[in-house]
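Okay, structure first, notes after.
Since the model is a prediction, treat every value here as computed from it, not as a measurement.
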Amino acid sequence: MRVFHVLIQNDAFNPNMPQGSVMLPFQFHPRGFYSFLMMVGGMCLATPLMAVDFKGHFFDVSDREQVRQFYNTVYRSSDGVLANWTGSIESCDAGRVSEAYEAATLRRINWYRAFAGVPSTIVLDETYSRKAQETALLLSANNTLTHFPTSDMRCYSAAGDEGAQKSNLTYGQAGAGSVKNQFEDYGSSNKSVGHRRWLLYPFTQKMGVGNVVPESPNPRIGAVWVLDPPNLASWGAPRPETREAFVAWPPPGFIPYPLVYPRWSFTYPNADFSDAQVTLFRNGEAHPLMLEPYEVGAGENTLVWIPSPYKDGDRWQSVAEDEQYEVIIDGVRIAGALQTFNYSVTIFDPLYSAQGVFSESMLPQGPEQLYRDDEVAFSIFGLHFTDGYEWSVQTILESEARYDAEVDDDLEILRSEGYSGYVSGIEALEGERSYHLAHPVPREQLLVLPQTFLVNLDSHIAFQSYLGWASNGQVASFEVSDNGGLSWTPLWEQAGVGNPQGQVVRQIRLSLGDYENQTLQMRFRYRFNDGSYFPQVSASVGWRLDSIELENLDELDLLMNIQTNDSVLSNLDLQSFEIFWLQVRSRVFKDHFTEWGPGKRFELLADFRDDPKDDEQAPRKKRKGLPVWLFHITP
């Protein structure tokens, strides 16, 4: 049997490219070389789950909300996990990564398989993983990517050699990021999407993963051992059942746009696609495409095409409204007979439920005022695929937060090593000290406010900002999240202009009123987009911040979290006469949680219905800017 391997390469990277320099030296950052940390509500640490309950034999891609949650919870839980690699390039020690990092890599593999409709019960074989780890070391040590290493290479081993021949390989990414990279299969040598075909091969039961995450200048390497010989079709094993007779990417049904790649593929076992043609309709109108050359040899036979106007290496653009593509494939020869296949794909933005379905289903229903002796129950409609619910009861407090860096505070400065996060003395924007974000490496740097805020119509944030030496690829921004850190929206941003001559300290004041009666998390983010960047960490380079003031915001203080198996919450044990905030989230796909749903205010008035009114409540509510209730519950 001849095994066909496809190299995955980063066309934009040239290891011999010189590092340019100007008055303050730039560093060139090739596309894809660094794996950026995705922040979800601060630091995202994935739960080390080895499997996920998909509520059935295959995942149901026909349910838009279930797909949305499956992506937002399970897929994204594999991002941002710390590798903690224990090896060394210098001593040729392959080391290991953390169990959580390895589990996140496996979870990403099974996620793609479940979504594509092939058996998603892959387990890691320790022998495969050990050899794949040696492969990752060998390739990183030699700053190269090859399926056929030579014995004169640094850190060469027979195990690493075998792993290189039997694994999907990624240069510049490791872990779950390398799985995504392999699945995307961009690059001129990947026109037949060989990596994707092996990752989705229905026969496979065991894989191995090897990941090396060294410090620069050696690259990250991700290796996924995909050839599991006892399960190959050529060994006479029966083909496992798949959701559809074919395997397509994107598959028929709903799919989030970040997982749509320029190369679309359609796989059918033992099919002959030599004369096949693809017709594509977008929202009912004919849509142009380009067929890729047909090649056999990797996994099962597959036809590949690229819809216009995309080209190899592009990122699929976000969609304002759901977009439906109808796929018609003619001229597929199977067992000597010609067949036609027809299916539809709907691309959507996973941040938004269809017509507010999620918000409507997760909004608590119940009284706005209650007494301690009431037999009260709050309820939600809930999600039909949930495993349970978590209810959060929080008290609403006045907030007078101000941060000026003069003293240590509870702001989280999430930064790379190499600088303190502060500047002092004459470099401070005000007083003796200011916050400082820089790019010693081109990864996002964050200043995160720890509170969750409840927004009023007249809520504002104000701060001082100065962006010094920064390229136009280095961008300072203030961002908010209204879904618990699942996604972030920039409300203000400023890109660098190179030499900061003429720049002044900016006094920024932003209204938050558009988020009235919603909860917000807030952060300052100094990100790197692409191109060149300033790597210095002196006070004149990067972004300085000071005098952060929050105006007319309420702060939420967690009182209790309660988990239930059904969609009703009863018997609340509240000890104080206050106004509270109630939110709910669902537990889905075994041990993953959705974002929090919309909140509801309610007030505990007194112990008993016939207790005298507390005259202090009215001024308290007025002082907090909270609404006066229009009615009272009567006996």
Side-chain angles (χ1 to χ4, degrees), residues 3-10 13 32-33 35 78 81 83-89 92-99 101-110 112-113 122-150 153-187 189-190 193-201 204 206-214 218-229 298-299:
V3 179
F4 178 75
H5 299 280
V6 182
L7 292 177
I8 185 163
Q9 296 177 334
N10 188 336
F13 179 74
F33 186 75
S35 176
S78 289
V81 182
N84 294 327
W85 181 55
T86 63
S88 166
I89 299 292
C92 289
D93 177 8
R96 293 294 297 264
V97 293
S98 67
E99 289 185 9
Y101 194 80
E102 195 169 83
T105 308
L106 176 61
R107 188 161 62 251
R108 177 64 57 84
I109 293 170
N110 276 324
Y112 274 116
R113 291 176 65 91
I122 299 295
V123 296
L124 295 182
D125 180 278
E126 179 59 31
T127 300
Y128 293 169
S129 291
R130 178 179 57 80
K131 293 179 179 180
Q133 189 70 21
E134 293 289 340
T135 299
L137 170 69
L138 190 161
L139 299 180
S140 181
N142 292 277
N143 196 24
T144 190
L145 194 72
T146 177
H147 286 291
F148 305 102
T150 57
M153 285 184 171
R154 184 181 180 188
C155 300
Y156 176 86
S157 66
D161 192 331
E162 183 182 3
Q165 297 181 51
K166 297 181 178 180
S167 300
N168 284 351
L169 306 174
T170 302
Y171 183 105
Q173 295 277 357
S178 68
V179 176
K180 175 187 178 296
N181 193 292
Q182 293 167 14
F183 208 86
E184 183 179 359
D185 250 352
Y186 68 85
S189 60
N190 296 321
V193 295
H195 300 92
R196 184 187 303 176
R197 288 154 73 167
W198 282 126
L199 287 171
L200 295 181
Y201 195 48
T204 307
K206 297 181 295 182
M207 293 186 183
V209 294
N211 297 291
V212 166
V213 188
N218 292 93
R220 298 182 176 198
I221 297 291
V224 180
W225 183 298
V226 292
L227 296 189
D228 189 20

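Looking at Ile122 and Leu106, their side chains come closer than 4.5 Å, going by heavy atoms from C-beta outward. Side-chain contact between Tyr186 and Asn181 is present, with at least one heavy-atom pair separated by less than 4.5 Å. Two residues are said to be in side-chain contact when any heavy atoms from C-beta on lie closer than 4.5 Å; Trp85 and Val212 meet this criterion. Within the 4.5 Å cutoff, side-chain heavy atoms of Tyr171 are placed close to those of Asn143. Proximity of Trp198 to Lys166: side-chain heavy atoms (C-beta onward) are nowhere separated by under 4.5 Å. The shortest side-chain heavy-atom distance between Asp161 and Tyr156 falls under the 4.5 Å cut-off. Residues Tyr101 and Asn84 form no side-chain contact, since every pair of their non-hydrogen atoms from C-beta on lies 4.5 Å or further apart. With a 4.5 Å cut-off on side-chain heavy atoms, Glu134 and Glu162 do not count as touching.
A donor-acceptor pair under 3.5 Å links the side-chain atoms of Ser178 to the main chain of Gly175, judged by distance alone. Put simply, the side chain of Ser129 never gets that close to the backbone of Gly208: no donor and acceptor are under 3.5 Å apart. Side-chain N or O atoms of Gln182 include none that pairs as donor or acceptor with a backbone N or O of His195 at under 3.5 Å. Remark: the backbone N or O of Arg196 is paired with a side-chain donor or acceptor of Asp185 at under 3.5 angstrom. A donor-acceptor contact shorter than 3.5 Å is absent between the side chain of Asn211 and the backbone of Ala136. Looking only at distances, no side-chain donor or acceptor of Asp228 sits under 3.5 Å from a matching main-chain atom of Thr204. Put simply, the side chain of Arg108 never gets that close to the backbone of Val179: no donor and acceptor are under 3.5 Å apart. The closest donor-acceptor contact from the side chain of Ser88 to the backbone of Asp93 lies at 3.5 Å or more, if one exists at all. Side-chain atoms of Thr144 do not come within 3.5 Å of backbone N or O of Leu139 as any donor-acceptor pair. Remark: the backbone N or O of Gln165 is not paired with any side-chain donor or acceptor of His147 at under 3.5 angstrom.
Considering all non-hydrogen atoms of both residues, Ser167 and Ala132 come closest at OG-CB, 4.5 Å. Nearest heavy-atom pair across Thr135 and Gly160 is OG1-O, 2.7 Å. Summarising the geometry of Ala174 relative to Val213, their closest heavy-atom pair is CB-CG2, 4.1 Å, with the distance given to 0.1 Å.
Taking CG of Asn142 as the reference point, atom CZ of Arg154 lies at 8.0 Å (rounded to 0.5 Å). Taken to the nearest 0.5 Å, the CZ atom of Phe183 stands 11.0 Å off from the CG atom of Asn168. A distance of 4.5 Å separates OG of Ser140 from CG of Asn218, quoted to the nearest 0.5 Å. The structure places CH2 of Trp225 at 13.5 Å from CD of Gln133, a figure rounded to the nearest 0.5 Å. Within the model, atoms OG1 of Thr146 and CG of Leu169 stand 8.5 Å from one another, a figure rounded to the nearest 0.5 Å. The line from CG of Leu227 to CE of Met207 is 9.5 Å long, rounded to the nearest 0.5 Å.
Under the salt bridge (Lys or Arg N to Asp or Glu O under 4.0 Å) criterion, Arg130 pairs with no residue, sequence neighbours left out.
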Before you tell me yes or no, could you show the steps for Val209 and Ile109 under side chain to side chain contact (heavy atoms under 4.5 Å, CB included), namely the whole-Å CA-CA distance, both residues' side-chain angles and the distance that decides it to 0.1 Å?
CA-CA 10 Å; Val209 294; Ile109 293 170; 4.2 Å; yes

